[in-house]
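Read through the structure below, which is laid out as structure tokens, and then see the notes.
Predicted model, so just to flag it, every value in this text is computed and none were measured. The first residue of the sequence shown is numbered 1, and numbering continues consecutively from there. Just follow the structure's listing: the first ligand is 1, and inside any ligand the first atom is 1.
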Amino acid sequence: MESPQQPSGSINPFASPSVAGEMVNVVPDGYQVEGNRIVGGEKIVLPEICAKCCDKGHETLNSKRRKKDLYWIHPAVYILLFFQIIIFLIVYLILRKKCQLEYSLCRSCSSRVRLNWLFFTISLAIAMSGIVIAIVMETPWPIVIFFLGLFAMIYFAVCANGPLLVATYSNNKFYLRGGSPEYLAAIDVHVDATSPVSAILAEDGRMG
Ligand SMILES: [Zn+2]
């Protein structure tokens, strides 16, 4: 991404510090905060505030931008799971609604997420070894190891995922849950403060 120089850096609260190669101008866009939900369309760009701990990370220097595709499907479709998983998958792929989410995590939250994925992989290996031991020893008790690994996998996957997930979808809008009250308050303020900046940037042709 190019690094446009802000003509007047004081206008934009998101203006990055003047460090070559580190400048990423993020113009929060496509969302509003309603109650405890972040509401937006197919693309939601959240400000450079850590979505987990609300750390502003000196704007860009200590935060990492993350892009994630979130999906939503009407809960009734899950009933198909009881009949035919293949039919469920086909219907799921056809009917799912996609939201491109862009948000920030500070470096420490980022590494915590990576650590959780590492634990997830280790848990997977433990679960698999339970099955292998059960087969090799021809005894059922190592299945306990499998279930322990499975529960650990679910736990670490939940920890590594998020924090923002789709709560519901209606009238072509995604309602995201998982933002802490502090985070919602912080990003709500930012949108109000930057709306005029978005317009200016758009006229300059720098942002979409
Ligand atoms: Zn953080």
*Kindly write out the residues that satisfy ring-ring contact (aromatic ring centres under 6.0 Å, His included) with Tyr92, not counting sequence neighbours, or none if the list is empty.*
Phe88

*Are a donor atom and an acceptor atom from the side chains of Thr168 and Arg37 found within less than 3.5 Å of each other?*
no

*So Phe147 and Phe151, would you call those rings parallel, tilted or perpendicular, with 30° and 60° as cut-offs?*
tilted

*For the atom pair OH (Tyr71) and CG (Leu95), what is the distance rounded to the nearest 0.5 Å?*
14.0 Å

_Glu42, CD: over 12 other non-hydrogen atoms inside 6.0 angstrom_ = no

*Have a look around the Zn ion (ligand 1) and list protein N/O/S atoms under 2.8 Å, or say none.*
Cys50 SG, Cys53 SG, Cys106 SG, Cys109 SG

_With a 3.5 Å distance limit and no angle check, can you tell me whether Ser129 reaches the backbone of Ile126 through a side-chain donor-acceptor pair?_
yes

